[in-house]
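One-based numbering along the sequence shown. Treat the numbers as computed from the prediction; the structure is a model and nothing was measured. As a basis for the values below, the full set of heavy atoms in this structure was taken, side chains included, without hydrogen atoms, waters or symmetry mates. When a ligand or atom number is given, it counts from 1 through the structure's own listing order.
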Amino acid sequence: MPAPAARRDAWVVGDMTAVEAAKQIAGRNAAEYVVDGMRVGLGTGSTVHHTIVALGERRPDIVCTATSLRTHELATSLGLTVVSPDEVGHLDIAIDGADEVDPALNLTKGGGAAHTREKIVAAMADRFIVVVDASKLVEHLGPFGIPLEVLDFAPAVVAASVQRLGATSVTTRPDRSDNGNLVMDAQFGDIADPVDLAARLSAVPGLVEHGIFTGDMVERVVVAHSDGTVTERTH
Ligand code: 5RP
């Protein structure tokens, strides 16, 4: 299988920053997990972008589903077959980025406001593989904030409920999600128990989805470092 520890990759050219280069290395590395015959969930963001480009170059015999309109557009423009989640039903593998990864493989996602679709697609997959550059590794989730997709019916009521769970601030982004909903960011500081907070957020009426992906969803995290090496985190 791909991604041996500390592999040096040769794709990085030109004047990319170390972080951009690491995103490319992680993204391309994870594409090697995809083989002919698979049903594949494609995540959203600048790291998994490179996975999708690599798949577009190699064109394995796969069927994909996309976690956002922009991923759908990218994948189809590269000649990949993309169908709806309902059409594909179940996935062999899903690959996506993350905004934070803790040692238990709990994730913060939703920097690109796609976390609702991303969580559905990750949950459809036998294997969920996460691709990050090393700057995403944290001891505790929290500094990035927790993205929230919120129904535009009682957003202030939802925000107040989230504050009662310990958020010190809840702000609304100017743009909506692909689903037409509001997107908010809640600050909790360092989160001691992300699994517990995830369950509590899931119970807030009107909160469509939050950006905590618990570690039990994740098979492995492919991490690219600024020196070009790749390591993996598993349970
Ligand atoms: C989008 C996401 C992305 O996966 C996350 O924001 C990471 O993005 P990037 O790879 O661009 O840093 O959750 O909703």
For Lys23, atoms of ligand 1 separated by under 4.0 Å from a heavy atom | 9 (P), 11 (O), 12 (O)
Under a heavy-atom criterion of less than 4.0 Å, does Gly43 contact ligand 1?
-> no
Residues, nucleotides or ligands: over 12 heavy atoms within 6.0 Å of Arg200 CZ = no
Is a side-chain donor-acceptor pair under 3.5 Å present for Ser84 with Asp86?
-> no
Which residue and heavy atom of the protein sit nearest atom 5 (C) of ligand 1, plus the separation | Asp99 OD1, 3.2 Å
Option passing side chain to side chain contact (heavy atoms under 4.5 Å, CB included) with Leu42 (candidates Leu55, Val121, Val48) = Leu55
Nearest to atom 10 (O) of ligand 1, what protein heavy atom do you find, and at what distance?
-> Thr47 OG1, 2.6 Å
Close N or O approach (Gly112, ligand 1; < 3.5 Å) = yes
Examine the proximity of ligand 1 to Pro147 and report which part, side chain or backbone, both or neither, has a heavy atom under 4.0 Å away.
-> neither
So which of Glu100, His115, Lys136 actually passes side-chain hydrogen bond (donor to acceptor under 3.5 Å, both in side chains) with Thr108?
-> Glu100
Minimum-distance protein heavy atom relative to atom 9 (P) of ligand 1 | Ser46 OG, 3.4 Å
Should Val88 and Val40 be counted in the same cluster of Ile, Leu, Val, Met, Phe, Trp and Tyr side chains packed under 4.5 Å apart?
-> no
Side chains of Asp126 and His90, donor plus acceptor under 3.5 Å | yes
Nearest-neighbour protein heavy atom for atom 3 (C) of ligand 1, which is reported as residue plus atom name and distance | Thr44 O, 3.2 Å
Please check if any side-chain donor atom of Glu209 sits under 3.5 Å from a side-chain acceptor atom of Thr116, or the reverse.
-> no
min-distance protein heavy atom vs atom 2 (C) of ligand 1 -> Glu118 OE2, 3.3 Å
Gly45, any N or O under 3.5 Å of ligand 1 N or O | no
Per-atom contacts, ligand 1 versus Gly110 - under 4.0 Å to a heavy atom | 2 (C), 13 (O), 14 (O)
Which ligand 1 atoms, with their elements, are less than 4.0 angstrom from a heavy-atom of Gly97?
-> 4 (O)
CG on Leu107 to CG on Leu141, rounded to 0.5 Å = 7.5 Å
Would you mind running through ligand 1 and noting each atom that sits below 4.0 Å from a heavy atom of Ala113?
-> 14 (O)
How close does the nearest protein non-hydrogen atom get to atom 12 (O) of ligand 1, and which residue and atom is it?
-> Lys136 NZ, 2.6 Å
Based purely on interatomic distance, does Arg70 place a nitrogen or oxygen under 3.5 Å from a nitrogen or oxygen of ligand 1?
-> no
May I ask you to decide whether Glu149 forms a salt bridge with Arg117, counting only side-chain N to carboxylate O separations under 4.0 Å?
-> no
What atoms of ligand 1 come within less than 4.0 Å of a heavy atom belonging to Asp96?
-> 4 (O)
Inter-residue atom distance Glu20.CD - Thr47.OG1, 0.5 Å rounding | 10.5 Å
